[in-house]
2 protein chains.
Amino acid sequence: MGAVDLTTHPGHLARRLQQAHYLLWNTMVSEEITSPQFAVLNALVAEPGLDQRTVGERVGLDRSTIAEVISRLGRRGLLDKVRDPQDGRRFLLRLTDEGLRTHKKLTVRTARMNQVFLAPLATDEQVLFFDLIRRVADAAEGLRNPSEPLVAPS
Amino acid sequence: MGAVDLTTHPGHLARRLQQAHYLLWNTMVSEEITSPQFAVLNALVAEPGLDQRTVGERVGLDRSTIAEVISRLGRRGLLDKVRDPQDGRRFLLRLTDEGLRTHKKLTVRTARMNQVFLAPLATDEQVLFFDLIRRVADAAEGLRNPSEPLVAPS
DNA sequence: CGGTATTGTTCAGTGCACCGACGATTACGA
DNA sequence: TCGTAATCGTCGGTGCACTGAACAATACCG
C-alpha cells in the first residue's frame with residue numbers, strides 16, 4: 001500500500017497541464033506551428049538579428065533543441081539564417097515577411113486560446129496562477145545555474 | 001513591435017515549469033527512472049494487474065507513449081507483462097520485486113524533491129498552486145473528451 | 001452462426017527536451 | 001605571437017508525447 005497520490009505531486013500536475021495546453025493549441029491555434037516555435041518567432045519579432053544561443057536563452061530551450069526548432073522554421077521559410085560577419089561562430093536570425101505574417105496571425109489566435117484555457121479561473125485567480133508558477137519555475141532554474149555565489153568568486 | 005509577453009502565456013509557463021521539474025528530478029531523484037516511469041510504477045503498486053490502456057488512463061498517457069514507457073520498465077526488469085487468459089487482446093502488468101523496491105526508494109526521494117521544488121511557496125500558497133493547476137488541467141481535458149452530452153445520445 | 005463493430009496493442013512519423021562530445025572560430029594571456 | 005581557453009553550432013543518443021494506420025482478438029447483432 002505504498003502508493004502515492006500523484007495529484008499532490010507538482011511534476012505530475014505540470015505534465016498534465018502542458019498536455020492539456022498542447023491539445024488546446026492544436027485545435028485552436030495551429031496544427032503546423034507549435035507553441036515553442038511560436039515562442040521563437042516572438043523572440044525574433046522583439047529582437048531581430050539574435051543568434052541561436054540567445055534565442056534559446058530567451059525562450060528557455062537548450063542549444064540542441066533550439067537548433068531543431070530553428071531548422072524547422074527555416075524549412076518552412078519563416079526565418080533566415082546568416083553567418084555573422086563579425087563573428088564566424090554564430091548565425092544571425094531574422095524573420096521573413098511570411099514569418100512576420102504568421103506571427104501576427106498566431107498572436108490573435110493565441111490570445112483567444114489563453115482565454116479559453118484560463119476560463120475556469122476568476123480574474124484574480126489567474127494573476128495568482130501566473131505568480132505562483134513563475135515563482136516556482138524561477139526558483140528551480142536558479143538551483144541549476146552556476147548561481148550567484150554568496151561570496152566573491154575565488 | 002507586435003511581440004508578446006510570454007510570461008503571461010500559461011502554455012509557456014507550463015513548459016518552463018515542467019523543464020524545471022525535469023532538472024530537479026534528475027539531480028535529486030534518479031537519472032535512470034523518469035517521472036512518468038515512476039507514475040506507472042505507482043499506478044501498479046496501487047492496482048496490480050492492470051492492463052496497459054488502463055495504466056495510461058490512470059497516469060495520463062496515450063496508448064503509444066504508455067507502450068514505450070512500459071517496454072522500458074520491462075527491459076529494466078521492474079515489471080512483468082502477461083497475456084490475459086480471459087481476454088487475449090490485453091496484457092496484464094505487475095511489478096517485480098525489484099520494481100517494488102525501486103518504487104519504495106523513489107517514493108522517499110520524490111517527497112524530498114517536492115519539498116525543495118515547492119519551497120518558494122508558503123504552505124497555503126502550495127494548496128492554491130495545486131488547486132489552480134488541477135482546475136485548469138481538468139477543464140482542458142474535459143474540452144477534448146466525447147464529453148457527457150447535455151441530452152441523451154441519439 | 002457469421003459478419004461487423006469495438007477494443008487493446010503495435011508501428012511509422014513528427015516534434016520537443018535533455019546530455020555529452022566534437023569541430024570550428026574567436027578571445028585572452030603568457 | 002602563439003597556444004590555451006571559452007563560445008557557437010552540430011551530431012548522436014535517450015526519452016516523452018501525440019496522431020493516424022494497421023492488426024489481432026473479442027463482442028455484439030441480425
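Using a 4.0 Å cut-off, no side-chain N or O of Lys81(B) falls inside it from OP1 or OP2 of dG8(C). Residue Gln19(B) has a polar side-chain atom (N or O) positioned under 4.0 Å from OP1 or OP2 of dC18(C). The side chain of Gln18(A) contributes no N or O atom lying less than 4.0 Å from OP1 or OP2 of dA17(D). Between Arg15(A) and dA17(D) there is a side-chain polar atom (N or O) within less than 4.0 angstrom of OP1 or OP2. The side chain of Arg53(A) places an N or O atom within less than 4.0 Å of a non-bridging phosphate oxygen (OP1 or OP2) of dC8(D). Using a 4.0 Å cut-off, some side-chain N or O of Arg72(B) falls inside it from OP1 or OP2 of dC16(D).
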- Item | Trace of the side chain to side chain donor-acceptor pair (under 3.5 Å) decision for Ser71(B) with Arg75(B) | CA-CA 6 Å; Ser71(B) 123; Arg75(B) 250 186 273 137; 3.2 Å; yes
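For Ser64(A), counting side-chain heavy atoms from C-beta on, the closest listed nucleotide (dG20(C), dG15(C), dT9(C)) is dG20(C). Minimum atom distance to the side chain of Arg76(B) is reached by dG15(D), of the listed dG15(D), dC16(C), dT26(C). Among the nucleotides dA24(C), dC16(D), dA21(D), the one closest to any side-chain atom of Val69(B) is dC16(D). Minimum atom distance to the side chain of Asp62(B) is reached by dC18(D), of the listed dC16(C), dT10(D), dC18(D).
At the heavy-atom level, Arg90(A) lies under 4.0 Å from the strands shown only through sugar-phosphate atoms. Thr65(B) comes within contact range of at least one nucleobase, with a heavy-atom separation under 4.0 Å. Heavy atoms of Asp51(B) sit under 4.0 angstrom from primed sugar atoms or phosphate atoms, though from no base atom.
The residue from Leu95(B), Thr96(B), Leu100(B) that alone fulfils the side-chain contact (heavy atoms from CB on, under 4.5 Å) condition with Glu98(B) is Thr96(B). For the side-chain contact (heavy atoms from CB on, under 4.5 Å) with Val55(A), the lone residue among Val69(A), Ile66(A), Leu61(A) that qualifies is Ile66(A).
In this structure, CG of Leu24(B) is placed 15 Å from C1' of dC18(C), rounded to the nearest angstrom. Rounded to a whole Å, the CD atom of Glu31(B) is 20 Å from the P atom of dG13(D). The distance from atom CZ of Arg63(B) to atom C1' of dC11(C) is 11 Å, rounded to the nearest whole Å. Atom CZ in Arg83(B) sits roughly 8 Å away from atom P in dT9(C) (whole-Å rounding). For Ile70(A) and dA17(C), the CD1 to P distance is 13 Å, given to the nearest whole Å. With rounding to whole Å, Glu32(B) atom CD is found 13 Å from dT14(D) atom P. Note: CG (Leu92(A)) to C1' (dC8(D)) measures 12 Å, nearest angstrom. For the pair Phe38(A) CZ and dC16(C) C1', the interatomic distance rounds to 17 Å; values are reported in whole Å.
Between the side chain of Arg83(A) and the backbone N or O of Phe91(A), no donor-acceptor pair lies under 3.5 Å.
The local environment of CG in Asp97(A) is sparse, with at most 12 non-hydrogen atoms from other residues, nucleotides or ligands closer than 6.0 Å. Around the NZ atom of Lys104(B), the shell of radius 6.0 Å holds no more than 12 heavy atoms that belong to other residues, nucleotides or ligands.
Each of Pro85(A) and Gln37(A) was assigned the nucleotide of DNA chain C with the nearest heavy atom; the assignment lying further toward the 5' end belongs to Gln37(A). Between Glu68(A) and Phe91(B), the residue whose closest nucleotide on DNA chain C is further toward the 5' end is Phe91(B). Residue order along DNA chain D, read from the 5' end via each residue's closest nucleotide, puts Leu61(B) first among Leu61(B) and Asp84(B).
Residue-to-nucleotide contacts include no donor-acceptor pair under 3.5 Å from the side chain of Arg89(B) to the base of dT9(C).
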